Structure formats: C-alpha cells, structure tokens
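A short write-up of the structure that comes next.
Everything numeric in this text was worked out from a predicted model, so none of it was measured. By convention in this document, chain letters (A, B, ...) are assigned in the order of the sequence lines, proteins followed by strands, and residues within each chain are numbered from 1.
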There are 2 protein chains.
Amino acid sequence: MDTQEGTGMIPAAAEATRDELATPDRCRVVSGVLSRIGDKWSVLVVMLLSHGPKRFSELKRGVGSISQRMLTLTLRGLERDGLVTRTVTPTIPPRVDYALTPLGHSLREPVAALGDWALRHHGSIEASRHDFDQRGSGGADAPA
Amino acid sequence: MDTQEGTGMIPAAAEATRDELATPDRCRVVSGVLSRIGDKWSVLVVMLLSHGPKRFSELKRGVGSISQRMLTLTLRGLERDGLVTRTVTPTIPPRVDYALTPLGHSLREPVAALGDWALRHHGSIEASRHDFDQRGSGGADAPA
DNA sequence: CAGAATCCCATTGGATACTG
DNA sequence: CAGTATCCAATGGGATTCTG
C-alpha cells in the first residue's frame, strides 16, 4: 500500500549536496509535513481520534475552541492526505464518523516523540523566553 | 511573535476527558511546540545548523527562498526559546554566527523522526491526495 | 447533526529601502 | 554584512447564516 516513495525527484542533488549525507531534500520533506500537520488543529484531531472513531460533534466538543468551519477544513485535509476516513451514515439527522487510517495511526508515533520532547523541555524553553524578554526590555546594563 | 497556549482554559475538561489516560494536556503541549517550530522556516534553520555554526548570510543562502526579514524573525524566535545562540563579532563589516544549543540539538531527534515518517509515507500521501482530488472534480460515477 | 457559504479581521510573510 | 522599518498581498481563521 506504500513502499514506493522518493521515485525520481532529486534532480541535481547528486552533485551539489553530497558533502553531507541525506539532509538536503530531507529538510524540505520535513518542512512539507510540518506545513501540513503544523496547522493549529490537525495534531489535536489526530490525537483525539487515536482513542477510536468519533463523530463530528464529538470532535468539536473534544477540541473545544475550534470553529465548525476549521474542524471541517482540518478533517478534509486529513482525509485528503489519507490520514483519516470519513464515514457518512445518511440518516436524519445525518451521522458522520471519522477514524484514523493505519497511516494516521503511524503518524502518532513521531508526533508523540515530539510531544515527549516538548514535555521534557518546555520548562527550559519558557525559562529561556522569560530570560530573553528580561534582557530585551529591562535594559542591558543599567536597570532602573 | 508567538502563540501562548491558553493558560487557564480547559473549562470542563476535568470531568469530560478523564476516561483517557494522559493525553489531555499532552496534546496541548504538542500543539504549542508545533505552533513554535511549525512555522515555515524554523525547522529548516535548525536542520542547517545541525552541521555546525553558520553566519547569517550562509543561512540565507542555505535556505534559499527566505527573505532576510523572515530569517531574522525565525532566528530571534529560536534564540528566545534557547534553541540557538547568537554570537556577534563587532568588526566592520559585522559578523554574526548562529549555532544550535544542546537543547536545539536535542530537538533534531524528534524532528528527524518526523522527517523519517514523512520520507516513508509521503508517497502514499501524495497518491491519496491525487485520488481525493480526482474523486472531487472528475465526477463520482461516470469518468470520461 | 453535519457542513457549505459568506463576511471580515488578524496574522504571516514577501519586497523594498534604509542604517551602522 | 547584518539588521531594522515600512508597506502590502496572501492566507488563516473566527462568527454568523443557511441548507439537507
């Protein structure tokens, strides 16, 4: 179902960037992924769906502060990329269930790794921010 | 310059989301990290700096399509969060070197994991996109 | 209930010009 | 060379309204 990526790209990479190993296009791919899942809601939705399928309104309640517009757009994007499935039950009122695909589930691992990193270091990060802001606003050598 | 996560939001999360284990705030932290590094350039810069310190102009050339404005903003953000250091050599013309901190280097691991995922699956993703777009525009049942 | 459509504001980010 | 400042276009995203 997968196993045939990286076919035919890398035009001139072979001659110009072989002093490092694999990073030249890798960073672009990472960047692409990040612009996909790096939006405000995609990861939240994936996280919520990792516990099992959920209806539209459940997701909306789960995220809390999302607008139905953005939830729709987010789900469409995830569906388009093959990360979630959308199952419509044409009753009245209609019922739509969203679930992670295997691909969607596989995304949870690296995202969890990032979350792990965040939990471990977000203390130092906030400290660094505070420190940086102090330096910037208070004056460099003569505080009042 | 950045988005603080809503400290003190979560109105009724305490009663509604305790059926799952640890994910309630974890997903918010991940979301916070993503809004930090999920911008258009931060990861690229971190990737470039992983090979060693670089000057401003080297980074600019390395990224290629970034404006000096965005490079400055990106570097300021990374510096503020303690991911890179900024070393000014007040010569004429001035020289400024940027380097990853240990924290910045540690970020490379989860980012690389994400990049790995991206490389493995971005073929299926693009296929899924193409498929999805066909379904949407070409008509659902009577292709020419 | 799920979502499409519209309106409108806030943020992002590029291009350019100027400074030290 | 490194950085700041200003202007402006594109996008993101919330609120609201309407429909099946």
Separation of [N] [atom2] from [X] [atom1] (nearest whole Å):
| X | N | atom1 | atom2 | value |
| --- | --- | --- | --- | --- |
| B:Met70 | D:dG3 | CE | C1' | 15 Å |
| B:Asp39 | C:dG13 | CG | C1' | 11 Å |
| B:Ile92 | C:dT19 | CD1 | P | 17 Å |
| A:Arg55 | C:dG3 | CZ | P | 10 Å |
| A:Gln68 | D:dT16 | CD | C1' | 8 Å |
| A:Ile37 | D:dG12 | CD1 | P | 16 Å |
| B:Ile66 | C:dG14 | CD1 | P | 7 Å |
| A:Arg36 | D:dG12 | CZ | P | 11 Å |

Flag, side chain of [X] to backbone of [Y], donor-acceptor distance under 3.5 Å:
| X | Y | answer |
| --- | --- | --- |
| B:Asp39 | B:Trp41 | yes |
| A:Glu58 | A:Arg55 | yes |
| B:Lys60 | B:Leu71 | no |
| A:Thr89 | A:Thr91 | no |
| A:Gln134 | A:Asp131 | no |
| A:Ser128 | A:Ile125 | no |
| B:Thr85 | B:Thr101 | no |

(message) Tell me the closest heavy-atom pair linking B:Val84 and B:Leu49, and the distance in Å.
(response)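 Smallest interatomic distance, heavy atoms only, reads CG1-CD1, 3.8 Å.
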(request) List the atom of B:His105, the atom of B:Ser50, and the distance in Å for their closest heavy-atom pair. (result)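 Taking every non-hydrogen atom into account, NE2-O, 4.2 Å.
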Does a side-chain N or O from [X] land closer than 4.0 Å to OP1 or OP2 of [N], or not?
| X | N | answer |
| --- | --- | --- |
| B:Thr91 | D:dC1 | no |
| A:Tyr98 | C:dG3 | yes |
| B:Lys40 | C:dG14 | yes |

(message) Assess the residue pair A:Asp97 and A:Lys54 against the criterion (salt bridge (charged side-chain N to carboxylate O under 4.0 Å, His left out)); give the C-alpha distance rounded to whole Å, side-chain angles, the decisive distance to 0.1 Å, and a yes or no.
(response) CA-CA 5 Å; A:Asp97 287 272; A:Lys54 283 198 184 337; over 6 Å; no
(request) Report yes or no: do A:His130 and A:Glu126 form a side-chain donor-acceptor pair below 3.5 Å? (result)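 Short answer, no.
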(request) Identify, residue by residue, the members of residues 71-87 of chain A with a heavy atom below 4.0 Å from DNA chain C, and return them in order of residue number, or none. (result)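 DNA chain C contact set from residues 71-87 of chain A: A:Thr72, A:Arg76, A:Arg86.
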(message) Here's a test of your reading of the structure: between A:Arg95 and A:Arg69, which maps to the more 5' nucleotide of DNA chain C?
(response)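 This one resolves to A:Arg95.
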(request) Check step by step if salt bridge (charged side-chain N to carboxylate O under 4.0 Å, His left out) holds for A:Asp133 and A:Arg129. (result) CA-CA 6 Å; A:Asp133 293 343; A:Arg129 278 183 201 178; over 6 Å; no
(request) State, to the nearest 10°, the angle formed by the axis through the first five base pairs of the helix from C:dC1-D:dG20 to C:dG20-D:dC1 and the axis through its last five. (result)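 It works out to 40° between the end axes.
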Are there any protein N/O atoms within less than 3.5 Å of an N/O atom in nucleotides 18-20 of chain D, and if so, which ones and at what distance?
none

